[in-house]
Amino acid sequence: AQRVTQPEKLLSVFKGAPVELKCNYSYSGSPELFWYVQYSRQRLQLLLRHISRESIKGFTADLNKGETSFHLKKPFAQEEDSAMYYCALSGGETSGSRLTFGEGTQLTVNP
Amino acid sequence: DTAVSQTPKYLVTQMGNDKSIKCEQNLGHDTMYWYKQDSKKFLKIMFSYNNKELIINETVPNRFSPKSPDKAHLNLHINSLELGDSAVYFCASSPYQLDRGRVAFFGQGTRLTVV
């Protein structure tokens, strides 16, 4: 079974502060991990995925298989980063491309 | 040239009515999905179709019936709407082939309100 846990439903930081959104997963095979972001009243969109190892909008995330984590980090938060962030997992071939989402973390960056 | 489009964007209807939400993608993807986002913003998969074939059917009431006339469309029909059906419904699509990755593209959502 696939499971994604985001322990923090709400996270509030000040502009310029570092931010870390936590994500832990449970999956027996080799998963693909993603972070999706939903800005206010907009569609979900991909922020980054672990296999591309990119930094998008200053965000990075490293897959830690030992800790089964995929935390999202940014060294200096900006007000425009305020949004809902979802960690997601895609399992193996038999899952039919199923994306399992965590419950989401609402990030608020205060001025 | 929107990649995944849903109609309508907003839907307000009375209990007991039957309604449909349409979804179309022009990305050439093989797989399409319906997700439900509840009032707590929790996203849960409802259905997934691959090349018009149902491959994921989560525990969803029989009142919800997806229909895929072709691989670019996945519509959601809901019978006998209930208050608890109020939510935002997202359509999404993704490539199925493993070598193309499994990034999902989402529609803008349909906010359904049952009164």
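In this text, all values refer to a predicted model and were calculated from it rather than measured experimentally. Letters A, B, ... are given to chains in the order of the sequence lines, protein chains preceding strands, and every chain is numbered from 1. What's counted below: heavy atoms across the whole structure, side chains too, no hydrogens, waters or symmetry copies.
Among B/A104, B/G109, B/A92, the residue making the largest number of heavy-atom pairs under 4.5 Å with chain A is B/A104.
For A/F101, the parts lying near chain B are the backbone and the side chain together; criterion is any non-hydrogen pair under 4.5 Å. Heavy atoms closer than 4.5 Å to chain B are found in both the backbone and the side chain of A/L44. Neither the backbone nor the side chain of B/Q6 comes within less than 4.5 Å of any heavy atom of chain A. With a 4.5 Å cut-off on non-hydrogen atoms, A/Q45 does not touch chain B at all. Residue B/I45 touches chain A through its side chain alone, counting heavy-atom pairs closer than 4.5 Å.
Transitive grouping of hydrophobic side chains (ILVMFWY, heavy atoms separated by less than 4.5 Å) keeps B/L74 and B/V4 in distinct clusters. Both A/W35 and A/L11 belong to a common hydrophobic cluster when Ile, Leu, Val, Met, Phe, Trp and Tyr are linked at side-chain heavy-atom distances under 4.5 angstrom. Residues B/Y33 and B/Y49 do not share a hydrophobic cluster, defined by chaining ILVMFWY side chains whose heavy atoms lie under 4.5 Å apart. Hydrophobic clustering (side-chain heavy atoms under 4.5 Å, transitive across Ile, Leu, Val, Met, Phe, Trp, Tyr) keeps A/F76 apart from A/V37. When hydrophobic clusters are built by joining Ile, Leu, Val, Met, Phe, Trp and Tyr residues whose side-chain heavy atoms come closer than 4.5 Å, directly or via intermediates, A/Y36 is grouped together with B/Y35.
Going from atom CZ of B/R111 over to atom CZ of A/R41 covers 4.5 Å, rounded to the nearest 0.5 Å. How far CG of A/L46 is from CZ of B/F105: 7.5 Å, rounded to the nearest 0.5 Å. Separating the CD atom in A/E103 from the NZ atom in B/K40 is a distance of 8.5 Å, to the nearest 0.5 Å. To the nearest 0.5 Å, atoms CZ (B/F42) and CD (A/Q6) are separated by 10.0 Å.
Shown here for B/Q37 and A/Y86, the closest heavy-atom pair between the two residues is NE2-OH, 2.7 Å.
Atom CG of B/D70 has more than 12 neighbouring heavy atoms from other residues, nucleotides or ligands inside a 6.0 Å radius. By the neighbour-count criterion of 12 heavy atoms within 6.0 Å, atom CD of A/E80 is densely surrounded, having more than that number from other residues, nucleotides or ligands. Counting heavy-atom neighbours within 6.0 Å of B/R63 CZ, excluding the residue itself, gives a total above 12.
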